[in-house]
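Fair warning: this is a prediction, and the values are worked out from it, not measured in the lab. Per chain, numbering begins at 1; letters A, B, ... match sequence-line order.
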Amino acid sequence: MKDQDGVSHFIRTIVMQDLQSGHTNRIVTRFPPEPNGYLHLGHARSIVLNFELADEFGGTTHLRFDDTNPRAEDAIFVQSMIEDVQWLGYRWERLHYASEYFEHMYDCALVLIRKGLAYVDDCTAEQIRAQRGTLSEPGIDSPYRNRTVEENIALFSAMRAGAFADGAKVLRARIDMRAPNINMRDPVLYRIAHEAHHQTGTQWCIYPMYAFAHPLEDALEGITHSLCTVEFEDQRPFYDWVVRSCEMPHVPKQIEFGRLNVTHTVMSKRKLRAIVQSQEVDGWDDPRLPTLSGMRRRGIPPEAIVSFVKQTGLSKSNGVADIKMLEHIVREQLQLRTPKTMAVLDPLRVIITNYPEGTIEWIEGEYNSDNPSLGSRRIPFGRELFIERDDFLLDPPASFYRLGIGREVRLRHAYFVRCHDVVYDDDGSITALLCTYDPETKSGSGFTGRKVKATIHWVEASHAMPATFALFDHLLDEHADDHDDVRVLPTSRTSTQGYVEHAMADAPIDTRFQLLRHGFFIRDAKVPDQTIYHRIVSLKSSYPK
RNA sequence: UGGGGAUUAGCCAAGCGGUAAGGCAACGGACUUUGACUCCGUCAUUCCCAGGUUCGAUCCCUGGAUCCCCAGCCA
């Protein structure tokens, strides 16, 4: 049971077993982000997993905002998350907010109180922490642990009614302060926060904690498999305790999987925020960031992200995938879909001395010979051109196939040209190349008289469209996740001024191109009035540097 | 030194008692109007280590090592 580019994994196995054994007859999953930031590649793994798994077995998936902490959340994140999930290509059957269930959760808390399984604690956060014990020592009971049910109900109602200040009281589960699993030492269920909520306004001044709310949300929605990352594993006993103690009719199953990390970048929300706040990048959608909005602005197709997530597989270990794998998949996805055009990023003028002045020849050029459906365009050719500065070397070694004095190369789609002289300025730097062309060698003419070692790209000078190119490289050094300092590499973004070929000016702004010998590019849609091309990913190169 | 997890090639990852998939990377070669793409080939006698069970162990048992997570009124 594998899909094309996915790998079989343990959660799929569990789901299949649950279906076969009759434990459940329909799969319901959910993607439950907290709207307190931007979605990134790490979330993409959860999104793909939840949506694809349910879909594979004919089930459904809910998008649910886990909005139990108004101090951290904002409606603007709700909107960006909706856009990001849709952009990846997924459609939810139901959209929910945890806050929809606040009343129901309150009732569940009352159930626990009546069963003697929850109590109102007047201790401060510091006192509670001190009573909790440590990793190796048991905790001690709170002095308020044995209040009567009546007293607890009265106090909890008063908490809801706004009778107490933030932090004055909490509702706690009453389990076991000596439990070896710290999560079972009377965890907090409700805290007081006189804070407006983006969905419920000022209706509430007490809010449930994640550990209490999440299992209830899952149970209420009929979620069969509640998938989360491994750091929640030791919270599973409490998850099950909540479902059981609140006597929820539906019992969801929590399953944990390993986080997805990628070399040369970070997925931690904290570190991402630090980078954005450092002003070293252009906001949350900076094309260098692993945020979905950043990757979208970068021009990475959503299909590539989905494919990457599937191809990296899924296990319980927290692995670090090589970013080269992502880059490979992006190239693979773009290879056949993009028109291949020419642009010069670092221009060097070339004068074809034997080509008539004032003449422009229009050459028909196929956009992508591996995908003829992309059609063709007309390319102007004339006496003055631009080529890439590093396609010429004054004293080229034998391993350099391109231009040098006396050397001949093919101009893609056009003619062979041979360089015979160099023009310098007063500083001694090269300002132009003088070349001759051979009319016999026109592309498509079938000329086979002699061979040339290289084909280079070019742009005719009088029709060249000026453009800025933003070239992106690794955001951080290879193992950035290992240390706390997240210094953005200065090489992560460089830019150059150059020219693109005539035909590119007419393309829709979201057109992705393969710029011959440079890589895949797309216009920066955030500044449509400027002509800035983002390099999505470079081409591979076997040329020894 | 409490509890919970993880460990298969440089990286990700299949494998579920019958003799180590696949992808990325790397390295050779072919092809080439992109030093791209494509194609062909190479790349774990061994699965963290040590014992044990078995005709047979990456899979089962015992012991050990290393790494990750948990002491928010965050999620």
Side-chain angles (χ1 to χ4, degrees), chain A residues 2 5 7-9 13 32-34 36 66 68-69 71-73 121 123-125 128-130 132-139 166-172 178-185 187-193 206-207 209-211 213-214 228-237 256 258-263 269 308 311-329 331-332 335-336 340 342 368-370 399-402 409-414 416 441 443-444 452-457 514-519 538-544:
Chain A
K2 302 177 176 185
D5 52 4
V7 167
S8 95
H9 57 71
T13 305
E34 182 190 21
N36 71 342
D66 213 350
T68 58
N69 182 10
R71 288 196 266 243
E73 298 151 10
D121 195 339
C123 290
T124 63
I128 289 176
R129 187 184 318 128
R132 189 151 30 220
T134 69
L135 294 180
S136 51
E137 302 160 52
D166 289 6
K169 286 179 169 46
V170 289
L171 182 73
R172 287 229 258 170
R178 305 182 63 84
N181 180 348
I182 290 183
N183 296 289
M184 298 299 269
R185 317 234 264 232
V188 172
L189 266 23
Y190 266 92
R191 76 281 224 182
I192 299 169
I206 58 171
Y207 293 95
M209 299 291 290
Y210 163 86
H214 206 87
C228 63
T229 46
V230 283
E231 66 268 28
F232 291 100
E233 192 149 13
D234 50 22
Q235 217 140 289
R236 194 167 68 221
E256 309 82 14
R259 281 180 173 276
L260 171 64
N261 297 298
V262 179
T263 59
K269 204 174 269 186
F308 172 68
Q311 289 189 50
T312 46
L314 190 71
S315 72
K316 286 194 74 165
S317 61
N318 282 318
V320 185
D322 195 331
I323 199 165
K324 285 186 162 61
M325 189 160 164
L326 208 212
E327 294 169 348
H328 169 265
I329 292 167
R331 291 185 190 106
E332 182 180 60
Q335 194 66 43
L336 290 176
K340 301 177 178 185
M342 299 193 286
N368 186 328
S369 54
D370 295 318
S399 63
F400 185 82
Y401 300 159
R402 291 105 93 176
V409 298
R410 180 197 296 278
L411 296 179
R412 173 94 225 224
H413 289 121
F416 285 14
T441 59
S443 287
V452 103
K453 290 206 86 166
T455 297
I456 65 171
H457 60 276
Q514 180 186 152
L515 298 188
L516 241 46
R517 305 208 296 137
H518 281 305
S538 65
L539 256 24
K540 280 178 64 172
S541 171
S542 59
Y543 179 64

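- Of the possible polar contacts, one joining the N181(A) side chain to the D234(A) backbone as a donor-acceptor pair under 3.5 Å is found.
- Atom name C1', nucleotides rC61(B) and rG23(B): the rounded distance is 35 Å, in whole Å.
- G444(A) comes within contact range of at least one nucleobase, with a heavy-atom separation under 4.0 Å.
- Contact between L260(A) and F308(A) at its shortest, heavy atoms only, is CD2-CE2, 4.1 Å.
- The gap from the P atom of rC16(B) to that of rU7(B) amounts to 15 Å, rounded to the nearest Å.
- Note: C123(A) SG to R129(A) CZ = 12.5 Å, rounded to the nearest 0.5 Å.
- In this structure, R178(A) contributes its side chain and P138(A) its backbone to no donor-acceptor pair below 3.5 Å.
- For the pair L516(A) and K324(A), both in contact range of RNA chain B, the more 5′-proximal nearest nucleotide belongs to K324(A).
- Between rA75(B) and rC70(B), the distance separating the two C1' atoms is 14 Å to the nearest Å.
- Counting any heavy atom pair closer than 4.0 Å across all strands shown, L260(A) reaches no nucleic acid atom.
- Applying the 90° criterion around 0 to the glycosidic angle, rG72(B) comes out syn.
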Under 3.5 Å, which protein N or O atoms sit close to an N or O of nucleotides 6-12 of chain B? Give each pair with its distance.
from	atom 1	to	atom 2	distance (Å)
rC11(B)	O3'	V320(A)	O	3.4
rC11(B)	O2'	V320(A)	O	2.6
rC12(B)	O2'	T312(A)	O	2.4

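- When all heavy atoms of Y190(A) and M209(A) are compared, the closest pair comes out as N-CG, 4.3 Å.
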*Give the dot-bracket string for RNA chain B, reading 5' to 3', where a pair is Watson-Crick or G-U wobble with both distances under 3.5 Å, ( ) marks pairs inside the strand, [ ] marks pairs crossing earlier ones, | marks a partner on another strand, and . marks unpaired.*
.(((((((.[[[..)..(...]]].(((((.......))))).....[[[[[..)....]]]]])))))).....
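- Distance alone, capped at 3.5 Å, is enough to place a donor-acceptor pair between the N318(A) side chain and the R259(A) backbone.
- At least one donor-acceptor pair closer than 3.5 Å links the side chain of T263(A) to the backbone N or O of I323(A).
- Here CG of D322(A) is found 12.0 Å from OG1 of T312(A). Values are rounded to the nearest 0.5 Å.
- Between atom CD1 of residue I456(A) and atom CE of residue M342(A) there is a gap of 10.0 Å, rounded to the nearest 0.5 Å.
- Formation of a donor-acceptor pair under 3.5 Å by the N69(A) side chain with backbone atoms of Y207(A) is not found in this model.
- The gap from the P atom of rG63(B) to that of rU1(B) amounts to 14 Å, rounded to the nearest Å.
- Using C1' as the reference atom, rC47(B) and rU8(B) are 4 Å apart when rounded to the nearest Å.
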*Between protein and nucleotides 70-75 of chain B, map the contacts as a letter string: B base, S sugar-phosphate only, - none, heavy atoms under 4.0 Å, written 5' to 3'.*
BBSBSB
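- Phosphate proximity of rC24(B) to H328(A): present, with a side-chain N or O under 4.0 Å from OP1 or OP2.
- Note: CZ (F308(A)) to P (rA13(B)) measures 11 Å, nearest angstrom.
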Between the protein and nucleotides 35-37 of chain B, list every N/O to N/O distance that falls short of 3.5 Å.
from	atom 1	to	atom 2	distance (Å)
rG35(B)	OP1	R517(A)	NH1	3.1
rG35(B)	O3'	S542(A)	OG	3.1
rG35(B)	O2'	S541(A)	OG	3.4
rG35(B)	O2'	S542(A)	N	3.2
rG35(B)	O2'	Y543(A)	N	3.3
rG35(B)	N7	R402(A)	NH1	3.0
rG35(B)	O6	Y401(A)	N	3.0
rG35(B)	O6	R402(A)	NH1	3.0
rG35(B)	N1	S399(A)	O	2.8
rG35(B)	N2	S399(A)	O	3.2
rG35(B)	N2	Y401(A)	OH	2.9
rA36(B)	OP1	S542(A)	OG	2.9

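- By the ring-ring contact (aromatic ring centres under 6.0 Å, His included) test, H9(A) is found to be paired with no residue, residues two or more places apart in sequence or in another chain being considered.
- The distance from the CD atom of E327(A) to the OG atom of S538(A) is 6.5 Å, given to the nearest 0.5 Å.
- The gap from the C1' atom of rC12(B) to that of rA26(B) amounts to 16 Å, rounded to the nearest Å.
- Judged by distance alone, with hydrogens and angles left aside, the side-chain atoms of S317(A) form no donor-acceptor pair with the main-chain N or O of G319(A) at under 3.5 Å.
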Can you give me the N/O atom pairs linking the protein to nucleotides 27-29 of chain B at distances under 3.5 Å, or say none if there are none?
none

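- Look at the C1' atom in both rU58(B) and rC74(B): the space between them is 40 Å, to the nearest Å.
- In plain terms, the two heavy atoms of V452(A) and V409(A) that are nearest each other are CG2-CA, 3.6 Å.
- The distance from the OH atom of Y210(A) to the CD atom of E34(A) is 11.0 Å, given to the nearest 0.5 Å.
- In this structure, R402(A) forms a cation-pi arrangement with Y543(A), its terminal cationic atom sitting closer than 6.0 Å to the ring centre and no more than 45° off the ring axis.
- Comparing the P positions of rC43(B) and rG22(B) gives a spacing of 12 Å, expressed to the nearest Å.
- Checked by atom type and distance alone, the side chain of R185(A) pairs as donor or acceptor with a backbone atom of A179(A) at under 3.5 Å.
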